[in-house]
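As the structure is a prediction and not an experimental result, all values here were calculated from the model.
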Amino acid sequence: MPLHSAGLLAFDDSGEEVRVFLAHMGGPLWARKDGGAWSIPKGLYDPAEEDPADAARREFTEEVGVPAPTGDLIDLAEVRQRSGKLIRAYGIRAAPGFTFVASNTFTMEWPPRSGRLAEFPEVDRAEWFSIADAQFKLVPGQVPFLAALTDLLQREQL
């Protein structure tokens with residue numbers, strides 16, 4: 001049975017171009033990386049116990065440190081990652097001033113094989129990006145969500 005993850009792709013379409021809110025993955029493995037090192041705020045959930053939309057809002061709050069934006073969710077589909085994990089993403093309009101506060105943490109052995117455990121934030125920062133910049137920043141397996149959002153927004157304006 002594959003792992004399931006759900007997240008929110010917050011976006012602002014009030015200006016000249018659509019911008020999306022992405023989180024930079026925390027921890028020492030991602031610290032010096034930029035391209036392909038950003039993600040939509042998301043996390044694991046058990047589909048037998050939690051609705052994916054509820055999980056997406058919960059995970060956003062945990063990873064960004066503020067309540068998820070309110071409003072209608074736009075289902076951007078579910079995408080299977082190379083690892084086999086299934087990610088369900090939802091778009092949601094957010095105010096352009098929305099900002100990162102703090103993230104929950106995880107523990108891992110660091111440095112490797114040292115026997116020492118260290119705690120790191122799951123997300124070390126989050127920022128707004130144009131769709132073009134986000135295509136470079138996002139981990140490749142999540143780029144299809146940008147295309148889905150762009151397509152839905154274009155159809156909405158017709």
Side-chain angles (χ1 to χ4, degrees), residues 2-45 52-53 55-106 108 110 118-157:
L3 293 175
H4 289 80
S5 187
L8 294 182
L9 180 58
F11 68 93
D12 170 28
D13 61 346
S14 65
E16 292 181 21
E17 66 180 350
V18 176
R19 297 181 323 132
V20 293
F21 191 72
L22 303 180
H24 186 267
M25 292 183 277
L29 302 177
W30 300 100
R32 296 176 195 241
K33 296 179 180 169
D34 188 47
W38 294 74
S39 174
I40 63 170
K42 62 169 183 43
L44 295 174
Y45 75 100
R57 289 183 190 278
R58 174 182 51 76
E59 286 293 333
F60 187 96
T61 300
E62 289 177 6
E63 293 196 352
V64 179
V66 295
T70 58
D72 295 332
L73 296 180
I74 302 167
D75 190 350
L76 299 177
E78 187 171 68
V79 174
R80 182 177 297 277
Q81 305 298 286
R82 282 188 290 176
S83 67
K85 181 194 298 184
L86 296 170
I87 299 177
R88 166 76 58 192
Y90 299 92
I92 188 163
R93 282 187 173 88
F98 198 82
T99 188
F100 173 75
V101 174
S103 176
N104 54 343
T105 60
F106 68 96
M108 69 181 279
W110 193 259
E119 196 167 290
F120 301 97
E122 281 193 41
V123 168
D124 57 20
R125 63 189 182 277
E127 299 176 25
W128 288 98
F129 295 101
S130 67
I131 296 289
D133 288 342
Q135 289 177 340
F136 167 75
K137 301 281 187 183
L138 265 177
V139 292
Q142 294 178 26
V143 171
F145 297 128
L146 296 175
L149 177 65
T150 300
D151 185 51
L152 287 168
L153 291 175
Q154 286 173 344
R155 281 192 269 142
E156 195 177 87
Q157 292 178 350

Give, for atom [atom1] of [X] and atom [atom2] of [Y], the distance between the pair rounded to the nearest 0.5 Å.
X      : Y      : atom1 : atom2 : value
Leu76  : Leu8   : CG    : CG    : 9.5 Å
Asp133 : Glu17  : CG    : CD    : 8.0 Å
Leu138 : Leu146 : CG    : CG    : 5.0 Å
Thr61  : Asn104 : OG1   : CG    : 10.5 Å
Leu152 : Ile74  : CG    : CD1   : 6.5 Å
Met25  : Lys33  : CE    : NZ    : 9.0 Å

| field | side-chain contact (heavy atoms from CB on, under 4.5 Å) between Phe21 and Phe60, worked out | value | CA-CA 11 Å; Phe21 191 72; Phe60 187 96; 4.0 Å; yes
Got [X] and [Y] here, is their nearest side-chain heavy-atom distance under 4.5 Å?
X      : Y      : result
Thr150 : Val18  : no
His4   : Pro52  : no
Lys137 : Glu127 : no
Arg93  : Ser14  : no
Arg80  : Pro2   : yes
Phe136 : Asp34  : yes

| query | What class does the angle between the rings of Trp110 and Phe120 fall in, given that below 30° is parallel, 30 to 60° is tilted and above 60° is perpendicular? | reply | perpendicular
| task | Hey, can you tell me if Trp38 and His24 have their rings parallel, tilted or perpendicular (30° and 60° cut-offs)? | result |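 Rings of Trp38 and His24: perpendicular, over 60°.
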Taking all non-hydrogen atoms of both residues into account, name the closest pair between [X] and [Y] and its distance.
X      : Y      : answer
Pro121 : Phe106 : O-CE2, 3.5 Å
Phe145 : Leu9   : O-CD2, 4.1 Å
Ala134 : Leu22  : CB-CD1, 3.8 Å
Ala95  : Trp128 : O-CZ2, 3.4 Å
Ser103 : Glu63  : CB-O, 3.4 Å
Gly36  : Val139 : O-CG1, 3.0 Å

| message | Looking at Asp75 and Arg88, is there a salt bridge between them, counting it only when a charged N and a carboxylate O are closer than 4.0 Å? | response | yes
| More than 12 non-hydrogen atoms from neighbouring residues, nucleotides or ligands closer than 6.0 Å to CG on Asp72, yes or no? |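 No - once you tally the heavy atoms of other residues, nucleotides and ligands closer than 6.0 Å, there are 12 at most.
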| field | Gln81 side chain to Gly141 backbone, donor-acceptor under 3.5 Å | value |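 Side chain of Gln81 to backbone of Gly141: a pair is present.
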| Donor-acceptor contact present, side-chain Arg125 to main-chain Gly26, <3.5 Å |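 Flag not set: sc Arg125 to bb Gly26 has no pair under 3.5 Å.
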| If we ignore angles and hydrogens, is there a donor and acceptor under 3.5 Å between the side chains of Thr105 and Glu119? |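 A donor-acceptor contact under 3.5 Å links the two side chains.
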